[in-house]
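Report on the following structure.
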Amino acid sequence: MSQELPPSRMDKLVAVKGMNDVLPPDSARWEWLEERVRTLMTRYAYSNIRTPIVEPTALFVRGTGESTDIVEKEMYSFEDKLNGESLTLRPENTPGVVRAAIEHNLTYGGGRRLYYMGPMFRHERPQRGRYRQFYQLGAEALGFPGPELDAELILLVHNLFADLGLRNVRVELNSLGLPEERQRHRQALIGYFSQHLEALDGEARRRLHSNPLRILDTKNPAMLSLVQGAPQLLDYLGDDSLLHFETVKTLLAACNVRWEINPRLVRGLDYYSHTVFEFATDELGAQGALCGGGRYDGLFEALGGRSTPAVGWGMGLERVLELLKTQGQDNVGPSLDVYAVIAEPSILPHAMSALQALRALGVSIQMNAAQSHGLGSMKSQFKKADASGARFALVFGVDEMQNKAVAVKSLRDGKGEQVVRSLTDLPDWALTLQSPPNLQPGK
Ligand code: AMP
């Protein structure tokens, strides 16, 4: 069979375009970031929610919005073989979280603060910072109408970026007001753009009546000056909406967060109301958006639930890691305490049981392993011990074993001092290691 395949099909199989493997040592950076995120979420009392990667397509059509790029052209959808239902690999997770909140009555009797981390899928043109499978961290506060929650969520991102040591990230803010205010603005926009039909590109013309707000979001440089002169939504907000927005700004100012108003920030998604925000950088080229979010008080109802106020954001983790790298924060990795050098196979039972006991005390240990049968020469083992970056080599030699002992060789101080210790002393020695946290940021 395989001989009938064209030569190219017999080549190695590779990952799907736009979907990446995360390999060591890079994966250690991911783990480091995820650890930081979890710690921070605990500090803000956000609990983890894990929803399925596959959801009914209808969830995104209704929840993300029919006229969005995501739903129009970016979803990985397929038919369930069993019943023909259309399913979709989640392109974002706010609809999934809200679906779960409705299904399990999560906001009954009080609000919920939730966060998630996981892969999302969008069929976009792959480029630096834009992938077809990418990882989002998201936080959602469900059931709280107050502007202090909008501020809390922005502060959470601000705090995370500060904690990671990221620089030069700006916060952009806007308010989308209430649906009826947007409706009046929408009419004004349609009127304005209809007077300039000749200046609209094909996409804008198509959106003129379906979603004119999205025209403001255009990336077409030829339309920028037209868009700049368009009626601004902020001018259409009523007193309550303005007060909501002012309160968010006051709270951010009280916490020393600076922002800029971006009237063109409309977000690509239909269910937003009031505050919208984005965290962005100029240091990642075209894909500078790191985190986007806002209030989406209309989504619960749109998905068949009771009217429930909600606010949240989604953040692209690849871009955060890329920015950390660009800014020189790349030296994150596991720190290894011990490399175990083992003279010959007959010593393995002693050595491995001693290593088990040490690991139980929290010591990180890489046991020597050879790429052929046997353990390799002592010389090659010491070479690997040096290359491993471990602080110490534990040498399980023939002589040492006869004395129920092990040699401890220091690897990082340049002296290579070696001290023989009895196996019974090892636990005490392990406690003196006081190994630093396994993953630490480096400079
Ligand atoms: P969105 O759900 O479109 O608001 O996106 C939220 C965040 O996810 C963005 O600010 C980006 O950081 C990230 N993001 C969105 N799409 C992609 C993608 N295709 N590849 C990588 N990151 C993405």
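Counted within 6.0 Å of CG on D413, heavy atoms from surrounding residues, nucleotides or ligands total more than 12; the atom is thus considered enclosed. When the shell of 6.0 Å around CZ of R306 is examined, it contains 12 or fewer heavy atoms from other residues, nucleotides or ligands. Residue-environment remark: CE (M19) exceeds the threshold of 12 foreign heavy atoms within 6.0 Å.
Partner R122 forms a side-chain contact (heavy atoms from CB on, under 4.5 Å) with one of Q133, K73, E74 and no other, that one being E74. When E124, E322, E318 are each tested for a salt bridge (Lys or Arg N to Asp or Glu O under 4.0 Å) with R130, only one passes: E124.
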For R207 and D69, run salt bridge (charged side-chain N to carboxylate O under 4.0 Å, His left out): C-alpha distance rounded to whole Å, both residues' side-chain angles, the deciding distance at 0.1 Å, then the answer. CA-CA 11 Å; R207 293 215 157 113; D69 279 351; 2.8 Å; yes

Decide yes or no on salt bridge (charged side-chain N to carboxylate O under 4.0 Å, His left out) for R421 and D428, but give the supporting numbers first. CA-CA 10 Å; R421 290 182 178 276; D428 282 343; over 6 Å; no

Begin with the C-alpha distance, continue with both residues' side-chain angles, and end with the deciding distance and a verdict on salt bridge (charged side-chain N to carboxylate O under 4.0 Å, His left out) for E246 and K249. CA-CA 5 Å; E246 283 309 314; K249 290 190 281 185; 3.1 Å; yes

Give the C-alpha distance, both sets of side-chain angles, the deciding distance and a yes or no for side chain to side chain donor-acceptor pair (under 3.5 Å) between E92 and Q136. CA-CA 8 Å; E92 58 150 342; Q136 266 188 0; over 6 Å; no

Does L323 form a side-chain contact (heavy atoms from CB on, under 4.5 Å) with F161? I'd like the steps, not just the answer. CA-CA 11 Å; L323 187 59; F161 287 171; over 6 Å; no

I'd like to know whether M41 forms a side-chain contact (heavy atoms from CB on, under 4.5 Å) with L137, so could you lay out the CA-CA distance, the side-chain angles of the two residues, the decisive distance to 0.1 Å, and finally the verdict. CA-CA 11 Å; M41 289 298 172; L137 161 66; 4.0 Å; yes

Give the C-alpha distance, both sets of side-chain angles, the deciding distance and a yes or no for side-chain contact (heavy atoms from CB on, under 4.5 Å) between F382 and K409. CA-CA 10 Å; F382 276 115; K409 187 181 176 198; 3.9 Å; yes

Steps toward salt bridge (charged side-chain N to carboxylate O under 4.0 Å, His left out) verdict (K383, D386): CA-CA 5 Å; K383 236 174 152 175; D386 277 330; over 6 Å; no

Decide yes or no on side chain to side chain donor-acceptor pair (under 3.5 Å) for N168 and E283, but give the supporting numbers first. CA-CA 8 Å; N168 304 331; E283 295 180 26; 2.6 Å; yes

Might you work through the side chain to side chain donor-acceptor pair (under 3.5 Å) test for Q287 and Y131, ending with a clear yes or no? CA-CA 11 Å; Q287 309 305 328; Y131 310 104; over 6 Å; no

Working note: E140 + I49, criterion side-chain contact (heavy atoms from CB on, under 4.5 Å); need CA distance, chi angles, decisive distance, verdict. CA-CA 10 Å; E140 321 281 356; I49 182 166; over 6 Å; no

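The aromatic rings of F392 and W429 stand perpendicular to each other, their planes meeting at an angle above 60°, with 30° marking the opposite boundary. Relative orientation of the F277 and F279 rings is perpendicular, given thresholds of 30° and 60° on the angle between their planes.
The distance between the ring centers of Y135 and W30 falls below 6.0 angstrom.
The shortest distance between side-chain heavy atoms of L216 and L233 does not fall below 4.5 Å. Residues L423 and V406 are in side-chain contact: their nearest non-hydrogen atoms beyond the backbone lie under 4.5 Å apart.
We find the CD1-NE2 distance between I70 and H123 to be 14.5 Å, quoted to the nearest 0.5 Å.
Judged by the 6.0 Å and 45° rule, R186 forms no cation-pi pair with Y236.
Between the side chain of S364 and the main chain of S335, a donor-acceptor pair closer than 3.5 Å is present.
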